[in-house]
Amino acid sequence: MPMDFKKKPNKTILETERLLLREMVITDLPAVWEIVGDDITMAAWDGAWSEEENLAGLEKQINSYRENGFGRWAVALKDTNRVIGICGLQYCDTDKDSVLEVGYLFNRAFWHKGYAIEAAIASKRYAFDVLGEPEVFSLVRDTNLASINVAIRNSMLVRGRFIKPYKGAAMPHYIFSARKTEERPMPE
């Protein structure tokens with residue numbers, strides 16, 4: 001699937017067959033709230049974020065664009081420009097290291113349509129082809145079967161496990177990764 005990694009004036013970072021991945025802006029707050037404010041979508045995090053957490057998360061990504069040149073991006077449908085998800089790259093901590101993670105969250109009205117894997121593959125390719133990273137990770141809660149399947153379909157293998165502390169809870173996570181040297185061609 002061809003991907004365009006050129007920086008565009010509207011801050012679109014890359015595009016896939018059906019999606020645009022672009023830097024989030026403050027006006028994306030309502031679309032992001034539809035995702036992180038939903039208890040079912042956020043079940044792997046034991047429930048929805050508050051409005052304050054939503055704003056803080058968006059500000060964290062905007063700061064990451066400045067500091068790192070990347071972050072989690074808004075995922076918009078090409079044909080309507082509607083923001084349906086969040087996907088991209090962010091440094092995240094495991095119990096041993098800080099790793100570059102491909103992370104993804106989607107509005108549940110758009111689940112089971114292949115958008116998460118399409119965006120996750122594009123983000124992985126960006127890390128390898130543009131940033132020159134040798135390995136990227138996805139840290140997935142062990143109960144989140146949908147995200148586990150996205151990581152597997154993104155040619156990632158389980159490399160370990162760790163316990164992620166979050167809001168006073170101990171959440172077991174798998175450490176998935178893909179290494180550029182292990183890349184296999186995707187079936188047509």
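Index from 1, following the sequence. Values below: all heavy atoms of this structure, side chains included; hydrogens, waters and symmetry mates excluded.
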Arg161/Asp142 under side chain to side chain contact (heavy atoms under 4.5 Å, CB included): CA gap, chis, key distance, verdict: CA-CA 9 Å; Arg161 294 177 57 115; Asp142 65 351; 3.5 Å; yes

Chi angles and distances behind the side chain to side chain contact (heavy atoms under 4.5 Å, CB included) call for Asn54, Val32: CA-CA 7 Å; Asn54 182 31; Val32 174; 3.1 Å; yes

Measure the [atom1]-[atom2] distance between [X] and [Y] for me, rounded to the nearest 0.5 Å.
X: Leu89; Y: Ser64; atom1: CG; atom2: OG; result: 9.0 Å
X: Asn81; Y: Leu20; atom1: CG; atom2: CG; result: 6.5 Å
X: Glu118; Y: Leu19; atom1: CD; atom2: CG; result: 4.0 Å
X: Leu100; Y: Glu135; atom1: CG; atom2: CD; result: 10.0 Å
X: Arg159; Y: Phe137; atom1: CZ; atom2: CZ; result: 8.0 Å
X: Phe70; Y: Gln61; atom1: CZ; atom2: CD; result: 10.0 Å

Side-chain touch [X]/[Y], heavy atoms, less than 4.5 angstrom:
X: Ile26; Y: Leu55; answer: yes
X: Leu157; Y: Glu182; answer: yes
X: Lys96; Y: Phe162; answer: no
X: Ile163; Y: His173; answer: no

Passing candidate, side chain to side chain contact (heavy atoms under 4.5 Å, CB included) with Met24, options Ile86, Val83, Val75: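 Single pass found, and it is Ile86.
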
Using modelled atom types only, decide if a donor and an acceptor are shared between the side chain of [X] and the backbone of [Y] within a distance under 3.5 Å.
X: Tyr104; Y: Ser147; value: yes
X: Lys164; Y: Ala170; value: no
X: Tyr91; Y: Asn68; value: no
X: Asp39; Y: Ala48; value: yes

Steps toward side chain to side chain contact (heavy atoms under 4.5 Å, CB included) verdict (Val136, Arg179): CA-CA 7 Å; Val136 292; Arg179 296 176 179 147; over 6 Å; no

How close do [X] and [Y] get, heavy atom to heavy atom, and via which atoms?
X: Asn144; Y: Val140; value: O-CG1, 3.8 Å
X: Gly88; Y: Ser123; value: CA-OG, 3.6 Å
X: Ala116; Y: Phe106; value: CA-CE1, 3.5 Å
X: Lys124; Y: Ser155; value: NZ-CB, 3.8 Å
X: Arg72; Y: Val102; value: NH1-C, 4.2 Å
X: Asn154; Y: Ile117; value: N-CD1, 3.5 Å

Are [Y] and [X] connected in a single hydrophobic cluster, I mean Ile/Leu/Val/Met/Phe/Trp/Tyr linked by side-chain heavy atoms less than 4.5 Å apart?
X: Met156; Y: Val158; value: yes
X: Leu29; Y: Leu21; value: yes
X: Phe110; Y: Val36; value: yes
X: Tyr166; Y: Val99; value: no
X: Phe176; Y: Ile121; value: yes

When you check the gap from the basic side-chain N to the acidic O, do [X] and [Y] get nearer than 4.0 Å?
X: Glu53; Y: Lys167; value: yes
X: Glu34; Y: Arg82; value: yes
X: Glu133; Y: Lys180; value: no
X: Asp46; Y: Arg141; value: yes
X: Asp28; Y: Arg22; value: yes

Leu58 and Trp33: CA distance, side-chain angles, deciding distance, side chain to side chain contact (heavy atoms under 4.5 Å, CB included) verdict: CA-CA 10 Å; Leu58 185 62; Trp33 177 248; over 6 Å; no

Sub-6.0 Å ring centroid separation between Trp73 and Tyr126: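 Yes, they do, as the ring centres are separated by less than 6.0 Å.
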
Residue Lys78 excluded, over 12 heavy atoms near NZ under 6.0 Å: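 More than 12 heavy atoms, drawn from other residues, nucleotides or ligands, come within 6.0 Å of this atom.
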
